[in-house]
Structure formats: C-alpha cells, structure tokens
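The basis for the numbers below is simple: all heavy atoms, side chains too, and nothing from hydrogens, waters or symmetry mates. Chain identifiers are assigned alphabetically (A, B, ...) following the order of the sequence lines, protein sequences preceding nucleic acid strands; residue numbering begins at 1 within each chain.
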Protein chains: 2
Amino acid sequence: MLSRSKVLIKPSQEQAAELLHYALQNQLLAILACNCKVDYHGRASSRLEWGERLVIIKRDRSLLIHRNTGYEPVNWQPPGCLFHVSFSEGNLLVRAVRKSPHEVVDIFISDLQLAAALELSDYGAFAMYLTEEDMKQAVLKNPFLIEEGFQPITEERSLPTGFVDILGRDSKGNLVVVELKRESADREAIIQLYRYVEHLRKGNPSVRGIIAAPKITKSAHILLKALKLEFKQLTPEVCSKYVKRGEGEPLKSLT
Amino acid sequence: MLSRSKVLIKPSQEQAAELLHYALQNQLLAILACNCKVDYHGRASSRLEWGERLVIIKRDRSLLIHRNTGYEPVNWQPPGCLFHVSFSEGNLLVRAVRKSPHEVVDIFISDLQLAAALELSDYGAFAMYLTEEDMKQAVLKNPFLIEEGFQPITEERSLPTGFVDILGRDSKGNLVVVELKRESADREAIIQLYRYVEHLRKGNPSVRGIIAAPKITKSAHILLKALKLEFKQLTPEVCSKYVKRGEGEPLKSLT
DNA sequence: GCCTAGGTCCCGTGA
DNA sequence: TCACGGGGCCTAGGC
C-alpha cells in the first residue's frame, strides 16, 4: 500500500523541499522530523527557538508543528492555507499563509532526520455518541426523563437572547425551559438558562427553568436557587439507553 | 543526529510492536502510518472505522490520531496515559488508558506503511505575544490607556462571583471594573463584566464597568447600553507598544 | 480533587 | 462575512 508514498531518511534540505512539493502537488500528507525555528504573526505572535520537532502538512493544507510533549501543537495553521517553500540564509523556509484572518507561520529548517510523503487512504466513517444532541433526542422521545407529565412543545425555539434547548409544558400547563449539559453544569450554564427564562417570565411569571445535567457545581447551585431555577440529574449514559443511533448498534459502557 | 532514532518502512505488526516498546522505554516520539480502526469510551464514545491514519505517541505519553485532513486529531489522549501493546484477532492493538477521567482509546492496527521512533532534542524557548495578559500589563503600567486619570487599585481581585481583570478608580474617585478582551467583545464578555459590576454596585451605585477590546459585536453593544456599561477601544497591538517582553525584543507587525 | 477563565482555541450552523 | 455556542475541548492557576 506504499503506492505514491515516499520516505527519506536524513534528507538534504533540497531533497526535503522536493518531497514537500511532491506531497503538496499530489495531496499527500507530509511529515518532517527536523531541527527548526518558527515565527508566527497573526491574531497573536509567537517565537519558537531552535529545536527538533515534527512538522505535518496535511492534504487539506493544514499545518501542525508538534514538540515532543503535549497534546497541542506549538504552532499551526488551519486547513486551506497557502504554502511557499524556499531557501533562506542556509535554511529551508516553509511559509504557511492564511488569508482570513491574515496569519503567517514561518518555519526555518536547518537539518532533517526524516521526511515523508504519505498517501493515506481513509474513507472510514467516524461516529460520536453520548453528546448533548443525543441527550436532546432522548428527552424529546422520552419526556419523562425530565419529569412525569413533561411535554415538549417544539424541538427548539429561537429567542431574541439566543436558543432554547427544549421548550415544553409541565403537567399543570406551566411553560418549562430545559437546558441540557453533557457534563457538570457551571455558573455559565445557569446564566444562559436564566436569560431565556427571564425573557419568558416577563409575560408569564410561572415559567420554570430546568437545567438537566449529570451534576452541578456548588456555586452554580447557589445561583440556581437564587434565580428560582431547578436542577434535574440526567446523564448522557442514561439518555443513550433511550436513543438508537445508526443501525441500532448498542453502545458499550465502560467496564 | 539520528542517535537513538529508528525508522522502519512497511514493518510487520511484530516489528511495529517492538518499535513502540523501544520508543516508550526510551521516551522517544513514536509515529505509525497505518491502517487502523479506533474505539473510544470515556466522557463520550466514538467509533472510527478502518482507514489509514497517522498515530503519534509522544514521550509524555500523549496520543494523537490524525486523519489526512483537519487541524484536530480524530482521537487522542492527553499526556500521562498508560499504554498497552498487544495482539488481538490478527491486529496489533494499542490501548491508551487515562486514569481520571477514566477513558480508553483502542487502536486496532492491521498493516503499516511506516513506523518510527524519533529522538527529538528540543530545548528551544517558546514565547507568545499580544495576549490578554500583555494587555493587562500594559494597562497596569499605563493606566491612561483606559482613560485619563484612571488608577488601578490592585492588579486583580477575587470576588464571590469570580475574577476581575483590573479594578481601579477614575479621576472622580468612582470605582471602575475593567474587563479586557483580546478580540471582539461578545455578549458573554458583557455578562461577565456585569456580574462583577452588579455585585459592587449593591453598596455603591456609582461603580463603572468598562470593557476594553479592539471592537464589540452589535448585540453586545446593545446589552452594554442597557446595563449602563462602557466600551473602550483597545487593541493588543497598541498595548504591545507599551510593554517590554523578554530582552526588549521589539514585536514585528504584520506587513 | 473541583472550579474558573483563556485560547492564534477549532468547528459547525445560521443569519 | 460575522456571530454564537459546543467540545472527549486542552491548559494553567487557585483552593
């Protein structure tokens, strides 16, 4: 399966430049393991002094520069930027330019351990489960997950202040605003919910606001009480039991 | 500089496993270009079907799985997780386990284009400029950037509701809360500022709230007016002129 | 451990 | 294009 892939060990700057051109032209993924320094200017600015890093250019022309530690790239450029490969003061210079916002990453490369152009054939589907959207679908189809007698009115409703996750009525006919959180509800979540509820309460003081989440932070709970909102414990895991995704593939739980 | 680095082209699963052990033992960075499928279970769940990807394990035991497009890894594990390399149903299985929260990534690898263990010697300093912190330092040393006569009281003050960027007094002695934003101030920023101001206004209705940012969104401006808060235009670029970083290295501007 | 806030956040969605 | 909210966000800093 090497097909159009090429790997060079300890290439010269010229060989690496040629490989980069080859990868960019053929929409292959390029990797360089190299000694480099990096300048970035754009929304912010940064300077990375000389050291050995991994430089990755993907076929969608995104750029990642990774150090030997850390989840995050030290410098990067999102997909779609333009690359210029040149030579400058004895170094191989790779410039990645993003149009909007205007941002420039300059990589000065002195020597290389490895350079590779890889053809990665990848059509595999990716599916994510246990998201906030899953919780929403579960509640819409099983309103009792919020409380007995709860009935959603519309799936979502746009208000001047933003969006409501779920709007409904309780068994007594009171308007209920439900805000879903996949993880612990914090103060921001309460404030968000309160914006909606406050707006609706103006014409109707009986409007209820319920935050449905696995748990709630201490300070969020204090705020919740002060604003006369309610908390309903609801986890993505419980919701997943009420929601069929894909071809009904059951979700495995952590063991 | 190859030193302890090793590169294998089209290795067998057994050779790749050996290389992974070697990299993990010697705290080298490991790269695999391989056909794989990936399961993730933890805070959420995901399934990635078979396809060719780049798998990176860093010396701090972080894991990145990159497809041939996109800035973000499709699956990952932050630093510090535990790796188990084994063989399962004809595949090389790499399992990365995170303790807290408990999360598991399973990578099933069928065949490999490339496997490398790289020793990346990297001691280069990284410095970032034009951050919110830079704006703060600039304002603390040059309070007139907010307005004539402004005087910071303390650098930062913790309130029951959170943190204040800068607290000070104006030329008439009124308390002033300043919230800094590096980019356009949105409604969330206004709400955040209002939380502090509202708290302080209870004992002192003359308290002012100023949001200092390059610009402000339309809806944030409306909210600002309604809450009797103020906007002061201030850019990170202007602030950078009043702040010396490192050895006084001047910041280049975009040209 | 929890909680808060920032980020060159990225990314999708909708106006 | 801007604006807004979600994310397995990650990461740093307090407590």
- Pick the nucleotide of DNA chain C nearest each of A:K218 and B:F126; which residue has the one closer to the 5' end? A:K218

- Task: Would you mind telling me which residue lines up with the more 5' stretch of DNA chain C, B:E72 or A:S46, judged by nearest nucleotide?
- Result: A:S46

Checking contacts here: which listed nucleotide ([options]) is nearest the side-chain heavy atoms of [X]?
X      : options              : value
B:S100 : D:dG5, C:dG1, C:dG6  : C:dG1
B:R43  : D:dC4, C:dC3, D:dG8  : D:dG8
A:K215 : D:dG8, D:dA3, C:dC2  : C:dC2
B:K181 : C:dC10, D:dA3, C:dG6 : C:dG6
B:R187 : C:dT8, D:dG8, D:dG5  : D:dG5
B:Y71  : D:dG8, C:dC11, C:dG6 : C:dC11
B:T131 : C:dG7, C:dA5, C:dT4  : C:dG7

What's the [atom1]-[atom2] distance between [X] and [N], to the nearest Å?
X      : N     : atom1 : atom2 : result
A:M135 : D:dG7 : CE    : P     : 10 Å
A:Y129 : D:dG8 : OH    : P     : 14 Å
B:E188 : C:dG7 : CD    : P     : 16 Å
B:M128 : C:dG7 : CE    : C1'   : 8 Å
A:E183 : D:dG8 : CD    : C1'   : 7 Å
B:R47  : D:dG8 : CZ    : C1'   : 17 Å
B:D134 : C:dT8 : CG    : P     : 11 Å
A:D165 : D:dC4 : CG    : P     : 17 Å

- Query: Got a sec, which residues hit ring-ring contact (aromatic ring centres under 6.0 Å, His included) with A:F231, two or more places apart in sequence or on another chain?
  - Reply: none

- Interface with DNA chain C, restricted to residues 76-84 of chain B and to heavy atoms under 4.0 Å: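 Residues of residues 76-84 of chain B that come under 4.0 Å of DNA chain C do not exist, since none gets that close.
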
- Query: Between residues 227-235 of chain A and DNA chain C, which residues have a heavy-atom gap below 4.0 Å?
  - Reply: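 Within this stretch, nothing sits under 4.0 Å of the strand.
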
- Test for a donor-acceptor pair under 3.5 Å between the base of C:dT4 and the side chain of A:D186, counting only N and O atoms.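 No pair found.
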
- Checking only heavy atoms, does the side chain of B:E132 share a donor-acceptor pair with the base of C:dG6 at less than 3.5 Å?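 No, the side chain and the base share no sub-3.5 Å donor-acceptor pair.
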
- Query: For C:dC2, does either OP1 or OP2 sit under 4.0 Å from a side-chain N or O belonging to A:S184?
  - Reply: no

- Message: Below the 4.0 Å mark, does D:dA3 have OP1 or OP2 next to a side-chain nitrogen or oxygen of B:S219?
- Response: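 Checking B:S219 against D:dA3: no side-chain N or O falls below 4.0 Å of OP1 or OP2.
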
- Please step through salt bridge (Lys or Arg N to Asp or Glu O under 4.0 Å) for the pair A:E188 and B:R195, ending with a clear verdict. CA-CA 11 Å; A:E188 283 307 306; B:R195 285 217 308 266; 2.7 Å; yes

- Message: Out of the candidates A:L234, A:L130, A:L145, only one should pair with A:M135 under the side-chain contact (heavy atoms from CB on, under 4.5 Å) rule; please name it.
- Response: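 When A:L234, A:L130, A:L145 are each tested with A:M135, the side-chain contact (heavy atoms from CB on, under 4.5 Å) holds only for A:L234.
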
In whole Å, what separates the [atom1] atom of [N] from that of [M]?
N     : M     : atom1 : answer
C:dT4 : C:dT8 : P     : 22 Å
D:dG8 : C:dA5 : P     : 22 Å
D:dG7 : C:dG6 : C1'   : 15 Å

Under 3.5 Å: donor-acceptor pair, side chain of [X], backbone of [Y]:
X      : Y      : answer
A:E179 : A:L193 : no
A:D165 : A:L180 : yes
B:T131 : B:D134 : yes

- Task: Check every strand shown and say whether A:Q192 touches a base, only sugar-phosphate, or nothing at a heavy-atom separation below 4.0 Å.
- Result: sugar-phosphate

- DNA chain D: stems of at least 3 consecutive Watson-Crick or G-U pairs whose donor-acceptor distances fall under 3.5 Å: C:1-7 with D:9-15, C:9-15 with D:1-7

- Message: Using every non-hydrogen atom in the two residues, find where B:Y123 and A:R67 come nearest and quote the distance to one decimal.
- Response: C-NH2, 4.3 Å

- Note on the structure: A:P78 meets the side chain to side chain contact (heavy atoms under 4.5 Å, CB included) criterion, sequence neighbours left out, with A:W76, A:R98

Give every pair of a protein N or O atom and an N or O atom of nucleotides 13-15 of chain C that lie under 3.5 Å apart, one pair per line with the distance.
none

